[in-house]
Amino acid sequence: MTGIKRLSVVVPVTQDEGDLAQDFIAYKTVLADNAEFVDFIYVLDGQCPQAVEALKSLKIAGEPLQILSFAKSKGEAAALSVGCHHAEGDVIMTLPAKMQVKTEELARLLVAFEGTDMVVAQRRLDREASFGREKKLEYILKLLLNSPFKDLRCGVRILRPRIAEEIPLYNNQHRFWPILAQEQGFVVRELEVEGYLQRKLSPGVDINIVLDVMTVYFLLRFLRKPFRFFGGVGFTILAIGVIATGYLVIERLFFGIGLADRPALILSTLMIVLGIQILAVGLIGEIITFSYTKDIKPYKVERIVK
């Protein structure tokens, strides 16, 4: 027993599958030995009639679970957010509908959770699969954000309810939940466990993953200081345009070289206009940030010493 009084398990179901009962029983068997009370919240992402029937059978049999369903698919991040909102436990665990780690490893994760705010599972897989994941997501995040996490695709996590309350999820940001929590000041630990790889990951780069990474990078680095990003880009373009235009003007004034048939003049002038516009966007973003995010705290007070 880990000392956890109530454990709420949130399970997002993104595919219509009717064989959820076996994994549910396996999850419950292990978790019931490590918490005084365990309840499950299954969130169905869209119309999943087979999954509904399988879960209804479990509920009729008296199993402690809730069934929530979206009218249409909204994504795994939305399912996790809704599930965490309905969770009543003092600790929340997120699990995939299909197993990604061996059930006995769940007990190790609960033990490792003591003294932390979030524990995420890192599946111990073969070298080729690990290399594929590292190249596609974790390696990029390590370069851009110095991320220490090595398996962000794993859906097995344990967290305090406060994390779900303070860090809203949308689009595919559930993958970056540990990074966002760590940036906010929460104590996040990654534990290596024995796991399963459900599908073969190609070594190429998925454009959607790259876009998600860029979004998180911008949110973490420039959300509260947008002028640093837009100002840097805008000033660079403006400087190039000014230098190029000045060079052309000097050629015209001192060397008699005409400007009428030179496309470079149009390009340099456009760069000046574009640079000014980007700078203006940065200033507007800075004003909006100052005006509307004063009450949003980018930090977490761990304790007050008296």
Nearest 0.5 Å please: distance from the CD1 atom of I179 over to the CG atom of L144. 10.0 Å
Note: K150-E190 ion pair, threshold 4.0 Å (strictly below): no
Residue pair M271, L238: steps toward the side-chain contact (heavy atoms from CB on, under 4.5 Å) verdict: CA-CA 6 Å; M271 291 183 71; L238 177 62; over 6 Å; no
Could you report the tightest heavy-atom contact between A244 and S268, atom names first, then the distance? CB-CB, 3.7 Å
Assess whether a salt bridge exists between K225 and E286, defined as any Lys/Arg side-chain N lying under 4.0 Å from an Asp/Glu carboxylate O. no
Before giving the answer on side-chain contact (heavy atoms from CB on, under 4.5 Å), spell out for V156 and V120 the whole-Å C-alpha distance, their side-chain angles and the decisive distance to 0.1 Å. CA-CA 6 Å; V156 182; V120 294; over 6 Å; no
If every non-hydrogen atom of W177 is compared with every non-hydrogen atom of C84, which pair is closest and at what distance? CH2-SG, 3.8 Å
Taking atom types as modelled, is there a side-chain donor on T14 or D45 under 3.5 Å from an acceptor on the other? no
Judged by atom type as modelled, is there a donor-acceptor pair below 3.5 Å linking the side chain of Q173 to the main-chain atoms of A77? no
Same apolar cluster: L65 and V13, side chain cutoff 4.5 Å: yes
Starting at CG of L180, measure out to CD1 of I167 and round the result to the nearest 0.5 Å. 6.0 Å
Which heavy atom of I25 sits nearest to which heavy atom of T29, and what is that distance? O-OG1, 2.7 Å
Hydrophobic clustering (ILVMFWY, side-chain heavy atoms < 4.5 Å, transitive) - are I250 and I243 grouped together? no
Give a yes or no on whether a salt bridge exists between D151 and R123, defined as a side-chain N under 4.0 angstrom from a carboxylate O. yes
Taking the side chain as every heavy atom from C-beta outward, state whether E36 and R6 have any pair of such atoms under 4.5 Å apart. no
Is it true that I278 and I276 fall in one hydrophobic cluster, defined by side-chain heavy atoms closer than 4.5 Å? no
Nearest atoms (heavy-atom pairs only) where F227 meets G282: CD1-C, 3.5 Å
Does any part of the side chain of F37, heavy atoms only, come nearer than 4.5 Å to the side chain of D39, both counted from C-beta? yes
Give the ring-plane orientation class for Y27 versus F40, where under 30° counts as parallel, over 60° as perpendicular and anything between as tilted. parallel
Would the distance check show the side chain of S147 and the main-chain N or O of L141 forming a donor-acceptor pair, the cut-off being under 3.5 Å? no
Closer than 3.5 angstrom, by distance alone: can the side chain of D117 be matched with the main-chain N or O of V188 as a donor-acceptor pair? no
Report the distance from atom OG1 of T245 to atom CD1 of I266, rounding to the nearest 0.5 Å. 11.5 Å
Please tell me if the side chains of L44 and I67 come closer than 4.5 Å, counting only heavy atoms from C-beta onward. yes
Please say yes or no: joined through hydrophobic side-chain contacts below 4.5 Å, possibly via intermediate residues, are V213 and F218 part of one cluster? yes
Identified side chain to side chain contact (heavy atoms under 4.5 Å, CB included) partner of M93 from the options V10, V38, I158, V11: I158
Indicate yes or no: at least one non-hydrogen side-chain atom of L68 is less than 4.5 angstrom from one of H86. yes
Side-chain contact, heavy-atom cut-off 4.5 Å: V281 with Q277? no
Which heavy atom of Q100 sits nearest to which heavy atom of G155, and what is that distance? OE1-N, 2.7 Å
In this structure, are over 12 heavy atoms from other groups packed under 6.0 Å from R221 atom CZ? yes
Inspect the contact between E192 and R124 and indicate whether a charged nitrogen and a carboxylate oxygen are less than 4.0 angstrom apart. yes
Sub-3.5 Å donor-acceptor pair from the side chain of S8 to the main-chain atoms of G89, do we have one? yes
Please lay out, stage by stage, how L7 and L31 fare under the test side-chain contact (heavy atoms from CB on, under 4.5 Å). CA-CA 8 Å; L7 176 66; L31 297 177; 4.1 Å; yes
Got a second to check how far L95's CG is from L106's CG, nearest 0.5 Å? 6.0 Å
Residues, nucleotides or ligands: over 12 heavy atoms within 6.0 Å of Y247 OH: no
Judged by atom type as modelled, is there a donor-acceptor pair below 3.5 Å linking the side chain of N34 to the main-chain atoms of A107? no
Flag for T116-R189: side-chain donor and acceptor within less than 3.5 Å: no
Taking E105 for its side chain and E194 for its backbone only, find out whether a donor-acceptor pair lies under 3.5 Å. yes
hydrophobic_cluster_shared for F230 and L283, side chain cutoff 4.5 Å: no
Before giving the answer on side-chain contact (heavy atoms from CB on, under 4.5 Å), spell out for V91 and L159 the whole-Å C-alpha distance, their side-chain angles and the decisive distance to 0.1 Å. CA-CA 6 Å; V91 175; L159 59 142; over 6 Å; no
Nearest-0.5 Å distance, CZ of residue F113 to CD1 of residue I4: 6.5 Å
Parallel, tilted or perpendicular, as decided by the 30° and 60° cut-offs, for the rings of F222 and F229: tilted
Does the salt bridge (Lys or Arg N to Asp or Glu O under 4.0 Å) test come out yes or no for E63 and K28, once each step is laid out? CA-CA 9 Å; E63 299 293 351; K28 179 190 171 186; 2.5 Å; yes
Those residues at least two apart in sequence (or on a different chain) that pass side-chain hydrogen bond (donor to acceptor under 3.5 Å, both in side chains) with Q182 are none
So how far is it from L265 CG to E251 CD, rounded to the nearest 0.5 Å? 11.0 Å
What are the two closest heavy atoms between D23 and K98, and how far apart are they? OD2-CA, 3.6 Å
Flag the pair E166 / F186 as yes when at least one side-chain heavy-atom distance between them is below 4.5 Å, and no otherwise. yes
Would you say that V193 contacts Q122 through its side chain, given a criterion of any heavy-atom pair below 4.5 Å between the two side chains? no
Any side-chain heavy atom of R175 sitting closer than 4.5 Å to one from E76? no
